[in-house]
Amino acid sequence: MAAAELSIIKPINPTTKFGRPTSKFNTLRPHSPSHFRVFATSQPTTTTTSSSATKPRPKKSVKTAIKETLLTPRFYTTDFDEMERLFNTEINKNLNQSEFEALLNEFKTDYNQTHFVRNPEFKEAADKIEGPLRQIFVEFLERSCTAEFSGFLLYKELGRRLKKTNPVVAEIFSLMSRDEARHAGFLNKGLSDFNLALDLGFLTKARKYTFFKPKFIFYATYLSEKIGYWRYITIYRHLKANPQFQVYPIFKYFENWCQDENRHGDFFSALMKAQPQFLNDWKAKLWARFFCLSVYVTMYLNDCQRTAFYEGIGLSTKEFDMHVIIETNRTTARIFPAVLDVRPEFKRKLDRMVEINRS
Amino acid sequence: MASPATLALGPCAGLAPSQAGRAIFPTRPSHLLPPTSVHLQASSRRPNLHLLRNHLPAVRAVAVDSDQLGSSQPAEQVKPRKYYFVVANAKFMLDEEEHFKELLFEKQRNYEERNKEQDFWLVVEPKFLDKFPNITKRLKRPAVALVSTNGPWITFMKLRLDRVLADNFEADSLKEALAYNPVDLQFEKPEKWAAPYPKYEFGWWEPFLPPGSNKVMA
């Protein structure tokens, strides 16, 4: 999964080893798991001064719980038995295996095998990022890393569980988890430029997992991957045209990187085509629109809480988000039975939510 | 886990196994070279083309010295091979779907890194379309086809591009497979361009045109 995150269920309460003081904790607790409200309570810019984040310290010196809100990236789990049934080639004779085999070829090609190689520019650039932007940069890396790692865990497990019933689909999941692990690792190395690290092993054990039925995994991960592609390619192309905002070299990797996200999305497209019952009735239409709404709103509210990041790399946060939403929606319309009307009225309503979220 | 060979052959069921293997792992040195010196003919029509090509990212099938062409002659007399394609109108393929450009350059980069010979091309107004009335009646013109000897990859591209038509045909030579009717492409500028970056430049597809193609720009 990419930097985009979907989080609509209850907040959870993890701790991570994370060398960053966090002064504000979110205290939002919905009344029940089914009760969700799409808003966030915490502001990303904490009152801590940036100097505390810049000060080099031993990586394991501080174990901090990161704040957790409705809008933070989370980990997912699903009904693996149902997944096995859905992709069992003996039960489901209509699976378009040639499409899956074609996808497997693409994933095996491993276009980015040698792409994620760091250089000394990273550390030098990180040392130059100061003030509030530094804090927000760290948060960007941390959230992106968590989102990628969340994809790794889910895909890895699916790869393991589907091995017997559908080895082709299983291997694709495993290869996608390879991509996600690579992305998460690269982002985590980025954190080390800021003298921080996410303890991913610890995260795996300590964090709670949000349960989604398979069909919801399909809608949510498809959207996550495609919106992730649009976010990364938009940042990449913007910075290519405006190199004066290229403040940290990780963005130079986004062009090749986000092709992985786009391919992952294609795979979920093929999975959904293989399960037409998730695409062809009125319930599917409602769920499709619901997931579009959740994903777009979550991104918009998240990003509007972090305008310093987008402005720091020369983007207008809202213009960036609207571009990403419109393009993701256009892409998604190819496979979902319904998408949202994202004409100007939609943006006005998003902006209203941003205001409500502030107060 | 299935072995790579088995999987690669899947959608190529129509191919003789030996050909399919070659199509997917194109390590043959000279098979796909343009029959006779197509690019030289084109150069004589358009003297600039040769210079232009030299500045474009290397396309293996094009980057051939003329003395090598003679030695590849015997290999051209081969039995028909299968070409797979997806096709749509030119505006969709070259102007609207910008991720398509990214995919082609990614693939080209991959082939360069692994010393693979190019096995995919973009053909503007391909002549082979005449064989597919069921496709042409649904197709806006001018049309652009992505043609490859790699069947599974075309299956993937069909999944990605979605609003394209896919099929395959046999041809005796690459030249025959990639033959085209010359046409000038022009795309109207989008009314409003809301993206925070410029559009990919007109003509980005030139490195992928058949060996020896004219520049499509008017």
Fill in the blank from the handout: Interatomic distance, NE2@B:H99 vs CG@A:D266, rounded to 0.5 Å, equals 8.5 Å

Exercise for the section: For A:K285, look at atom NZ and say whether over 12 heavy atoms of other residues, nucleotides or ligands are found less than 6.0 Å away. Expected result: no

Practice task
Check the surroundings of atom CD in B:E201: do more than 12 heavy atoms from other residues, nucleotides or ligands lie under 6.0 Å from it?
Solution key: no

Problem - Flag side-chain contact, heavy atom, 4.5 Å: A:T234 against B:Y197 - result: yes

Handout entry: Distance, nearest 0.5 Å, that separates OG1 of A:T331 from CZ of B:R160
Key = 9.0 Å

Completion exercise
When the 4.5 angstrom heavy-atom criterion is applied to A:E319 and chain B, the contacting part is neither

Exercise for the section: Taking all non-hydrogen atoms of both residues into account, name the closest pair between B:R114 and A:D110 and its distance. Expected result: NH2-O, 3.0 Å

Fill in the blank from the handout: When every non-hydrogen atom of B:L161 is compared with those of A:R334, the smallest separation belongs to O-NH1, 3.7 Å

Practice task
Specify which of A:Y111, A:Y236, A:F320 makes the most heavy-atom pairs with chain B at under 4.5 Å.
Solution key: A:Y111

Exercise for the section: Below 4.5 Å from any heavy atom of chain B, which atoms of A:S316 appear? Answer side chain, backbone, both or neither. Expected result: neither

Practice task
Answer yes or no: is there an ion pair linking B:E106 with A:R263, defined by an N-O contact shorter than 4.0 Å?
Solution key: yes

Practice task
Evaluate the side-chain proximity of A:R237 to B:E98: yes if any heavy-atom separation is below 4.5 Å, no if none is.
Solution key: yes

Handout entry: More than 12 heavy atoms of other groups within 6.0 Å of A:K156 NZ
Key = no

Problem - Shortest non-hydrogen separation from A:H323 to B:A195 and the atoms involved - result: CE1-CB, 3.3 Å

Practice task
Among the options A:E106, A:H238, A:M322, pick out the one with the most heavy-atom pairs lying under 4.5 Å from chain B.
Solution key: A:E106

Practice task
Give a yes or no on this: more than 12 heavy atoms of other residues, nucleotides or ligands lie within 6.0 Å of atom CD of A:E90.
Solution key: no

Handout entry: Residue pairs fulfilling salt bridge (Lys or Arg N to Asp or Glu O under 4.0 Å) with at least one residue in residues 190-200 of chain B, sequence neighbours excluded
Key = B:D95-B:K199

Handout entry: Atom pair CG/CG of B:N150 and A:N105 - distance to nearest 0.5 Å
Key = 6.5 Å

Fill in the blank from the handout: Sorted by chain and residue number, the side chain to side chain donor-acceptor pair (under 3.5 Å) partners of A:W257 (sequence neighbours excluded) come out as A:E148, A:H183, A:E261

Exercise for the section: Heavy-atom distances under 4.5 Å only: say whether B:K107 touches chain A with side chain, backbone, both or neither. Expected result: both

Exercise for the section: Count the heavy atoms belonging to other residues, nucleotides or ligands that lie under 6.0 Å from NZ of A:K349, then report whether that count exceeds 12. Expected result: no

Exercise for the section: Tell me yes or no: between the side chains of A:Y229 and B:E102, is some donor less than 3.5 Å from an acceptor? Expected result: yes

Completion exercise
Of all heavy-atom pairs linking B:P152 and A:A102, the shortest is O-CB, 3.1 Å

Practice task
Can you tell which part of A:K273 gets under 4.5 Å to a heavy atom of chain B, answering side chain, backbone, both or neither?
Solution key: side chain

